[in-house]
Amino acid sequence: MRPPAHRSRFPWLFSLIVLPLIVLSLALLPGGAAASEPATADLAATATPKPTAKPTVRPTVRPALKPKTTIKPTATATPIPPWAPRQLSATLKGSGASFPNVLYQAWIQVYKLTVPNVAISYQSVGSGQGISDFIKYLTDFGGTDAAIAEARVKTEAPDALHIPMVMGAVVATYNLPGISNLRFSPATLANIYLGNITRWDHPAIAADNPGVKLPDTDITVVYRSDGSGTTSIWTDYLAKISTDWKTTVGSGTTVSWPVGIGAPGNAGVAGTVKQTEGAIGYVELIYALANKLPAAPVKNSSGNFITPSLSSVSDAANGVTYPASLAVSLTNAPAATAYPIAGFTYILVRANTYTDADKAKALADFIYWGLTEGQGASVRLGYAPLPTEARYLAMKQLYKISVKGQQIFSGPVK
């Protein structure tokens, strides 16, 4: 079994020092209440990442690194009726997206205090591998920032359920010494990644940033080399705002990149950008903040340059019509205050092919706990909690899980 991607070359440091501090910080949040300011986990890469498809860089996690930019949490979600998870004995295994890894590890540790006989592991291997592991029945649940394609659900995973857990922003980040206030229009981002804009003093970048003295420096484009939900969100956005991108590159967890160098995982991209002057890359917001890299405002569909934050990410779900599957794109959202490159991160579960009732019950209870008690902790760790409507729809997905025809969950939310 490959090790979790968040562990450094000193895994004992994470187990003995970091997780207990995370657990303590979360345990001090009564009823999962949101803290007034998130404490972003340090996901900074410590080794120089190489542009290769093999995962050579893993993030080091340190507690309570406060970003320079204070992000205000969204309003506390509607209270739910009293509920307690069942005291079961089960072992659950999951793998997938790197974006929610810090949150899931913290949830697992805190949940263990409530239900000590349920052992849960989650391997941060990327959304593409997480989907593959889930479909092949190598895991009990999957983690992904990209919904499984509808055609693939029909042929490979007909009983897969998508359960959104939290929301995240995919941000454009860059390395230009002395410059940390750039912003980008949609066309500029698309043309940089298409290879049409190759220098930082290009007129299009200058037009987006009046008054900023741009250097005469080559642009190094950095992208994810592994199958990635972060890539799916990024390319979904580019395909919506650029006809050239849609017709020549398209969208998905992996694409054929026109230019640039690849790096594995959010940590790999962040590390490559941080160590490459003139580089630009896309990462989940918390990885930019942890590495002290800029998270650029992007012009949204209403013509407003929006800074990525918890509130602007949550606003991307405003006015969304949810399909029964809950698999929905949130990029280029219509809300005037929405950050345009946002999405859900999902846990994948099976509706009717679990054979162990206690295991299915334990998984449903853990997910329900994450959608209730765990949502406050998500804010503290720098994730955007689900809007109320999405949260309740996510809970109701759990009622679809059955073992041998018997429904295994019946929570207080109807």
Inset, instruction - For the residue pair S127 and Y346, confirm or rule out a side-chain donor-acceptor distance under 3.5 Å. - result: no
Inset, instruction - Using distance alone, with no hydrogens and no angle criterion, decide if K240 and S301 have a side-chain donor and acceptor under 3.5 Å apart. - result: no
Legend entry - Main-chain N/O of V273 paired with T276 side-chain donor or acceptor, under 3.5 Å: no
Inset, instruction - Give the minimum heavy-atom separation between P294 and A288, together with the two atoms involved. - result: O-CB, 4.0 Å
Inset, instruction - Run the ring-centre check on Y399 versus F409 and record whether the distance is less than 6.0 Å. - result: yes
Legend entry - Partner residues of K299 under the salt bridge (charged side-chain N to carboxylate O under 4.0 Å, His left out) criterion, sequence neighbours left out: none
Inset, instruction - Please check if the side chain of D133 supplies one atom and the backbone of T139 the other of a donor-acceptor pair under 3.5 Å. - result: no
Inset, instruction - For the pair D145 (side chain) and T345 (backbone), establish whether a donor and an acceptor sit closer than 3.5 Å, ignoring hydrogens and angles. - result: no
Inset, instruction - For a side-chain contact (heavy atoms from CB on, under 4.5 Å) with Y111, tell me which candidate from L113, I108, V115 qualifies. - result: V115
Legend entry - L326 versus Q397, closest heavy-atom pair with distance: CD1-CG, 3.6 Å
Legend entry - Ring center gap for Y223 and W234 short of 6.0 angstrom: no
Legend entry - Check: I401 main-chain N/O paired with Y354 side-chain donor or acceptor under 3.5 Å: no
Legend entry - Considering all heavy atoms, the nearest A172-Y339 contact: N-OH, 4.3 Å
Legend entry - E277: salt bridge (charged side-chain N to carboxylate O under 4.0 Å, His left out) partners, not counting sequence neighbours: none
Inset, instruction - Give a yes or no on whether Q87 atom CD has more than 12 heavy-atom contacts from other residues, nucleotides or ligands under 6.0 Å away. - result: yes
Inset, instruction - Could you pull out the closest heavy-atom pair between A338 and N300, with the gap in Å? - result: O-ND2, 3.1 Å
Inset, instruction - For G343 and I233, work out which heavy atoms get closest and say how close. - result: CA-CD1, 4.0 Å
Legend entry - Pair S185-D208, side-chain donor/acceptor within less than 3.5 Å: yes
Legend entry - Short side-chain donor-acceptor distance under 3.5 Å, T307 and S309: no
Inset, instruction - Without swapping roles, check the side chain of S95 against the backbone of Q123 for a donor-acceptor pair under 3.5 Å. - result: no
Legend entry - Any donor-acceptor N/O pair, D358 side chain to A90 backbone, under 3.5 Å: no
Legend entry - Flag, side chain of T247 to backbone of D244, donor-acceptor distance under 3.5 Å: yes
Legend entry - More than 12 heavy atoms of other groups within 6.0 Å of K246 NZ: no
Report all side-chain donor-acceptor pairs from residues 157-169 shorter than 3.5 Å, counting only partners two or more places apart or in another chain.
unit_1, atom_1, unit_2, atom_2, d
D159, OD2, A351, N, 3.3
D159, OD2, N352, N, 3.1
D159, OD2, T353, N, 3.2
D159, OD2, T353, OG1, 2.8
H162, NE2, I148, N, 3.0

Legend entry - Pairing residues for D218 by the salt bridge (charged side-chain N to carboxylate O under 4.0 Å, His left out) criterion, not counting sequence neighbours: R199
Inset, instruction - Verify, without hydrogens or angle tests, whether N332 (side chain) and Y237 (backbone) share a donor-acceptor contact under 3.5 angstrom. - result: no
Legend entry - Listed partners of E389 passing salt bridge (charged side-chain N to carboxylate O under 4.0 Å, His left out), at least two apart: none
Legend entry - Aromatic plane relationship, W200 with F184 - under 30° parallel, 30 to 60° tilted, over 60° perpendicular: tilted
What pairs of donor and acceptor atoms, side-chain ones from residues 254-268 against any protein atom, are under 3.5 angstrom apart with sequence neighbours left out?
unit_1, atom_1, unit_2, atom_2, d
N266, OD1, E284, N, 2.9
N266, ND2, S98, OG, 3.0
N266, ND2, T230, OG1, 3.4

Inset, instruction - Return the minimal non-hydrogen interatomic distance between G278 and L176, and the atom names on each side. - result: CA-CD2, 4.1 Å
Inset, instruction - Return yes if some donor-acceptor pair links the side-chain N/O of N175 with the main-chain N/O of K274 below 3.5 Å, else return no. - result: yes
